[in-house]
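Numbering starts at 1 and runs along the sequence shown.
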Amino acid sequence: MKEVACLNGRMLPLSEARIPVDDRGFLFGDSVYEVARTYGGRIWALDRHLARLRRSLAAIAIEGADLDALRADILEAHRQSEIETAVIYIQITRGVAPRSHVPDGAMTPTVLVTVRPLGGPGPTSRPDEGVRALLMPEARWARRDIKSTNLLPNILAKREARSAGAFEAIFTTDDGWITEGSSSNVFVVQAGTARTPPKGAHLLPGITRDLVIEITRDEGIPLEEALVSRADLFAADEVFLTGTGAEVIGVVRIDEETIGSGRVGPVTRRLLDAYHEWIAAGRDGLRE
């Protein structure tokens with residue numbers, strides 16, 4: 001088992017991967033990324049991640065990346081790593097050029113894949129306990145549907161939450177609407193119906209978010225994609241977060257307020273169980 005990188009198609013030990021100082025991803029954050037994980041040695045939802053990566057590349061006009069070759073490189077890097085439970089990071093930058101806001105001429109993208117072991121047990125290893133979240137003012141740019149590496153507001157919000165003993169920061173707009181967490185999507189449950197903010201420029205279309213929405217349909221759980229207010233969070237019977245690392249995780253406190261019964265609720269538990277059943281069955285394919 002070893003940590004592996006694939007840099008511009010070249011396989012090498014992760015410790016030997018080097019990016020030029022003039023790479024625009026390093027200088028400007030002029031890049032997009034994806035994070036996938038494996039279960040039982042299988043990369044989960046890889047084609048969904050690549051489809052979102054393609055949308056992000058198009059949105060910021062990075063051209064020339066061969067995603068078919070990238071897919072093959074991801075599979076090979078994972079095979080060479082021999083890591084059964086891995087986190088796979090993918091980043092594509094606009095490329096290398098002398099520092100200028102608008103580079104001259106065509107560029108060749110920098111394409112990086114890394115494979116590392118997934119970290120230790122996360123909060124979903126204690127599914128009945130749930131986590132605490134803090135509300136934070138929305139201070140990010142207007143195109144949050146693009147999975148850009150410009151994550152400083154997310155990092156600062158997550159740091160503040162963790163410093164206060166919370167698991168996640170949830171962003172709220174000036175007029176009281178919920179957008180998403182710093183690294184997750186947000187759902188509320190009221191009277192058995194789940195609701196999550198609709199897709200748009202204001203939030204990242206999460207891979208796990210979309211899978212959970214599909215699971216609610218399979219499970220017969222009513223779900224609405226509709227605006228969620230700050231008041232809706234505190235009035236909810238259940239609140240849960242979704243994400244590649246977090247999977248489906250209940251929120252039992254927000255700021256200093258208890259949500260619902262203060263325990264992870266039945267809808268959240270049902271969705272987490274069903275999500276694990278989908279993982280076991282390999283049900284992560286793209287749907288039209």
Side-chain angles (χ1 to χ4, degrees), residues 34-53 71 74-75 78-79 83-88 90 115 117-131 133 167-168 180-181 183-199 203-225 228 236-252 259-261 263-288:
E34 287 289 330
V35 181
R37 64 178 291 179
T38 67
Y39 292 93
R42 180 178 179 274
I43 303 173
W44 176 247
L46 177 58
D47 289 327
R48 291 177 184 256
H49 282 286
L50 290 175
R52 187 172 63 180
L53 180 64
R71 189 182 195 282
I74 292 166
L75 294 172
H78 179 232
R79 187 193 69 79
I83 300 173
E84 183 172 350
T85 305
V87 58
I88 298 173
I90 307 153
V115 184
L118 188 70
T124 51
S125 64
R126 305 184 305 276
D128 291 320
E129 297 178 19
V131 297
F167 172 74
E168 179 62 300
E180 59 189 344
S183 60
S184 63
N185 290 105
V186 180
F187 289 71
V188 299
V189 180
Q190 185 69 51
T193 296
R195 181 156 36 114
T196 192
K199 290 182 180 180
L203 60 78
L204 184 74
I207 303 299
T208 309
R209 171 194 183 276
D210 288 352
L211 284 164
V212 166
I213 288 173
E214 292 171 19
I215 290 169
T216 63
R217 295 169 185 152
D218 260 23
E219 294 288 312
I221 297 170
L223 180 130
E224 302 171 348
E225 293 185 71
V228 175
D237 297 325
E238 303 176 43
V239 174
F240 63 88
L241 308 172
T242 61
T244 295
E247 299 181 336
V248 180
I249 185 164
V251 178
V252 296
I259 302 303
S261 67
R263 299 284 290 176
V264 175
V267 173
T268 304
R269 283 302 310 272
R270 183 175 168 191
L271 288 171
L272 177 59
D273 290 344
Y275 187 70
H276 287 160
E277 289 170 5
W278 276 41
I279 291 168
R283 295 184 61 185
D284 58 353
L286 288 166
R287 294 190 180 183
E288 296 298 331

Interatomic distance, [X] atom [atom1] to [Y] atom [atom2] [nearest 0.5 angstrom]:
X	Y	atom1	atom2	answer
Arg269	Arg263	CZ	CZ	9.5 Å
Leu271	Ile213	CG	CD1	10.5 Å
Glu214	Arg209	CD	CZ	10.5 Å
Ile215	His276	CD1	NE2	9.5 Å

Heavy-atom side-chain proximity of [X] to [Y] below 4.5 angstrom:
X	Y	result
Arg71	Asp47	yes
Phe240	Val212	yes
Asn185	Thr208	no
Arg42	Asp284	yes
Ile90	Leu53	yes
Thr38	Ile88	yes
Glu224	Thr193	yes
Ile43	His49	no

Under 3.5 Å, is there a donor-acceptor pair between the side chain of [X] and the main chain of [Y]?
X	Y	result
Glu168	Ser183	yes
Arg52	Glu34	no
Thr196	Glu225	no
Thr242	Val248	no
Glu238	Thr268	yes

Inset, instruction - Any chance you could lay out the side-chain contact (heavy atoms from CB on, under 4.5 Å) test for Phe187 and Val267, step after step, and finish with the verdict? - result: CA-CA 11 Å; Phe187 289 71; Val267 173; over 6 Å; no
Legend entry - Flag if over 12 foreign heavy atoms under 6.0 Å of CD, Glu84: no
Legend entry - Salt bridge flag under 4.0 Å for residues Glu247 and Arg37: yes
Legend entry - Candidate list Val264, Ile259, Val239, test side-chain contact (heavy atoms from CB on, under 4.5 Å), partner Val252, passing option: Val264
Using every non-hydrogen atom in the two residues, find where [X] and [Y] come nearest and quote the distance to one decimal.
X	Y	value
Val228	Pro197	CG2-CD, 3.9 Å
Gly192	Ile221	O-CG2, 4.0 Å
Val188	Ala236	CB-CB, 4.0 Å

Legend entry - Among Arg48, Lys199, Arg217, salt bridge (Lys or Arg N to Asp or Glu O under 4.0 Å) partner for Asp210: Lys199
Inset, instruction - On the 0 to 90° scale, with breaks at 30° and 60°, tag the Tyr39-Trp44 ring pair as parallel, tilted or perpendicular. - result: perpendicular
